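Worksheet: one structure, shown below.
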Amino acid sequence: MSSTNYEAYSARARNWLESVAGEFARPARKGLSVEQDIEVGRKYLAARYDAGFGGINWPKEYGGQGLTHLEKMLFETEEMAFGMPNGYFGISLGMPVPILMMHGQDKAFVKERVIKALRGEEIWCQLFSEPAGGSDLAGLRSRAEVDGNGWKLNGQKLWTSWAQYCDYGVIVVRTDPTAPKHKGLTYFWVDMKAPGVDVRPIKLAGGDSHVNEVFFDDVRLEDSQRMSPVGGGFGVAMTTLMIERYIATDSGGFGPHLDLFVDVAREAEVNGRPAIEDGRIRSQIARNHAMRAGLDSITRRAMLMMQAGMQPGPEGSLNKLVSVRSRQKLSELALDLRGNLGFSFDEHAHQKEDWASSWINAPTGRIAGGADEMLLNTIAEKILGLPQDHRPDKGVPFNQIPA
């Protein structure tokens with residue numbers, strides 16, 4: 001597809017988004033409860049699918065559009081500006097469902113799940129993190145034991161986004177504690193409504209409860225739910241985490257636009273003068289503008305590489321690391337400039353419009369989807385070529401690693 005055709009695709013996407021914005025965009029959803037907003041989101045996904053913008057880069061045999069990842073990014077870039085109710089489905093469509101297409105055993109079952117997910121009728125979650133595991137996925141302790149011709153699942157997962165509204169999930173668990181920790185894992189899909197599954201929402205500092213702890217008590221898994229070779233789950237898990245490295249991104253770290261900070265600087269005073277006239281404040285504005293322009297350039301370069309049939313590199317890790325850190329610091333400065341007004345907090349405010357909401361939710365953004373430390377390791381090893389850290393547990397059976 002030529003650059004002209006890409007521009008035409010973006011224009012078609014923008015025109016459709018504008019046509020439904022009155023019903024689905026952020027202003028139309030103000031004041032809704034989470035449950036009401038999810039129902040609006042389901043309607044939006046169904047309309048998006050019917051318009052030909054669902055599963056843009058997925059195979060037609062599974063209900064997708066059969067286009068490339070670049071068209072997907074072009075659409076998502078346009079979509080982001082409208083604040084559509086798609087956040088509840090981002091993980092579902094971003095990682096678990098693509099993996100289901102790649103590794104699901106029953107193709108008819110897979111196609112049914114894919115189309116229902118694309119239309120918002122079903123939501124999937126990703127059950128990876130655990131209380132003792134942190135960012136070390138291979139250190140997980142949830143286990144599945146052979147039970148007749150299937151498996152019996154026990155354990156706990158943590159920080160699972162939207163699990164309380166999910167129908168299915170993908171999960172990696174330990175099936176062989178005598179193997180080295182990366183080797184004894186197996187990957188399954190699980191019915192979130194099955195007996196023995198207990199989902200408990202966690203209230204975050206920002207006031208919302210989109211993450212959960214999930215307990216599994218003798219949950220039955222059929223072997224047809226297995227999505228990796230026995231002991232081969234870590235490789236599928238890594239594919240899950242890397243499959244959507246380049247998605248539509250925001251150089252502002254999904255916080256307020258820089259223009260909103262300029263507005264704060266115009267209204268606030270420093271030493272009896274408008275803050276916008278203070279050299280330190282002007283320096284922060286300039287630095288943030290330069291940083292966001294640099295990250296946007298990295299994203300544009302990645303899109304041009306995909307347009308040329310090339311695979312972008314690990315520099316995508318820079319975007320999340322730098323943008324969310326910068327958003328947190330800029331939000332803190334905006335609150336400082338507002339003085340006593342900075343103490344006001346509305347837990348229903350959106351983090352792209354409100355500095356307090358942006359600041360208090362930024363730490364979550366620095367952990368979710370790859371913690372800062374993991375991204376720093378990726379940059380050190382994959383971009384700078386530095387050696388890996390020493391790993392004393394390498395090659396040691398998991399049940400012999402000191403707890």
Side-chain angles (χ1 to χ4, degrees), residues 58-59 61-63 91-117 122-130 132-133 136-163 166-199 212 214-244 397-399:
W58 291 4
E61 64 178 300
Y62 287 122
I91 291 175
S92 176
L93 300 177
M95 288 172 279
V97 179
I99 289 294
L100 180 71
M101 287 190 289
M102 294 171 62
H103 298 282
Q105 296 185 33
D106 183 341
K107 298 305 180 184
F109 173 84
V110 170
K111 183 175 182 179
E112 181 180 359
R113 300 281 74 73
V114 170
I115 293 177
K116 285 183 177 292
E122 294 177 352
I123 306 176
W124 287 65
C125 59
Q126 179 177 292
L127 299 145
F128 280 14
S129 298
E130 294 192 3
D136 181 14
L137 177 61
L140 61 84
R141 297 178 181 276
S142 293
R143 64 192 186 280
E145 301 166 317
V146 174
D147 182 29
N149 58 356
W151 302 81
K152 182 171 63 177
L153 169 62
N154 285 280
Q156 178 187 359
K157 295 291 181 175
L158 192 62
W159 310 124
T160 307
S161 296
W162 307 119
C166 285
D167 303 279
Y168 299 95
V170 292
I171 188 169
V172 59
V173 293
R174 192 163 303 282
T175 50
D176 184 1
T178 67
K181 67 178 188 178
H182 289 80
K183 303 294 184 182
L185 307 176
T186 305
Y187 198 110
F188 297 87
W189 66 262
V190 59
D191 183 347
M192 295 298 290
K193 311 298 184 185
V197 179
D198 181 17
V199 179
N212 302 265
V214 185
F215 296 87
F216 300 94
D217 185 11
D218 287 345
V219 176
R220 171 72 181 181
L221 298 175
E222 302 301 331
D223 196 57
S224 59
Q225 294 174 240
R226 181 168 51 82
M227 297 170 67
S228 75
V230 176
F234 188 77
V236 178
M238 288 297 98
T239 302
T240 308
L241 296 175
M242 296 299 290
I243 195 169
E244 295 290 272
F398 184 76
N399 60 3

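This one's a predicted model, so the numbers in the text were calculated from it and none came from an experiment. Only heavy atoms go into these numbers, but all of them, side chains included; no hydrogens, no water, no symmetry mates.
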#### Entry: Salt-bridge contact Asp136-Lys181 (side-chain N to carboxylate O under 4.0 Å)
yes
Can you tell me how far [atom2] of [Y] sits from [atom1] of [X], rounded to the nearest 0.5 angstrom?
X      : Y      : atom1 : atom2 : result
Met192 : Asp198 : CE    : CG    : 10.0 Å
Phe215 : Leu158 : CZ    : CG    : 8.5 Å
Ile171 : Thr160 : CD1   : OG1   : 8.0 Å
Glu122 : Glu112 : CD    : CD    : 7.0 Å
Trp58  : Leu93  : CH2   : CG    : 4.5 Å
Gln225 : Asp191 : CD    : CG    : 7.5 Å

### Query
Under the side-chain hydrogen bond (donor to acceptor under 3.5 Å, both in side chains) test, which residues partner Arg174, sequence neighbours left out?
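Once residues adjacent in sequence are excluded, Arg174 has no partner under the side-chain hydrogen bond (donor to acceptor under 3.5 Å, both in side chains) criterion.
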If I compare all heavy atoms of [X] with all of [Y], which pair ends up nearest, and what's the gap?
X      : Y      : result
Phe234 : Ala138 : CE1-CB, 3.9 Å
Trp159 : Ser129 : CD1-CB, 4.4 Å
Val230 : Thr186 : CA-OG1, 3.6 Å
Asn212 : Val199 : OD1-CG1, 3.6 Å
Cys125 : Cys166 : CB-SG, 3.5 Å
Val170 : Phe128 : O-CE1, 4.4 Å

#### Entry: Ring geometry between Phe109 and Trp189 (parallel below 30°, tilted from 30 to 60°, perpendicular above 60°)
parallel
### Message
Pair Lys183, Asp176 - check salt bridge (Lys or Arg N to Asp or Glu O under 4.0 Å), show working.
### Response
CA-CA 8 Å; Lys183 303 294 184 182; Asp176 184 1; over 6 Å; no
Where the side chain of [X] meets the backbone of [Y], is there a donor-acceptor pair that is under 3.5 Å apart?
X      : Y      : value
Gln105 : Arg226 : yes
Asn154 : Asp218 : yes
Arg220 : Ala194 : no
Asp223 : Gly150 : no
Glu130 : Ser142 : yes

### Task
Kindly indicate whether the side chain of Tyr187, heavy atoms from C-beta on, has any atom under 4.5 Å from the side chain of Ile99.
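In contact.
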### Task
Would you sort out whether Gln156 and Arg141 count as a side chain to side chain contact (heavy atoms under 4.5 Å, CB included), showing the intermediate values?
CA-CA 8 Å; Gln156 178 187 359; Arg141 297 178 181 276; over 6 Å; no
### Message
The test is side chain to side chain contact (heavy atoms under 4.5 Å, CB included); show your working for Val97 and Arg113 and say whether it passes.
### Response
CA-CA 8 Å; Val97 179; Arg113 300 281 74 73; over 6 Å; no
### Query
Taking it one step at a time, do Val236 and Met102 satisfy side chain to side chain contact (heavy atoms under 4.5 Å, CB included)?
CA-CA 10 Å; Val236 178; Met102 294 171 62; over 6 Å; no
### Query
What pairs with Phe188 under ring pair (Phe, Tyr, Trp, His ring centres under 6.0 Å), at least two apart in sequence or on another chain?
Trp151
### Message
Could you walk me through whether Val173 and Phe216 satisfy the side chain to side chain contact (heavy atoms under 4.5 Å, CB included) test, starting with their C-alpha distance in whole Å, then the side-chain angles of each, then the deciding distance to 0.1 Å, before giving a yes or no?
### Response
CA-CA 11 Å; Val173 293; Phe216 300 94; over 6 Å; no
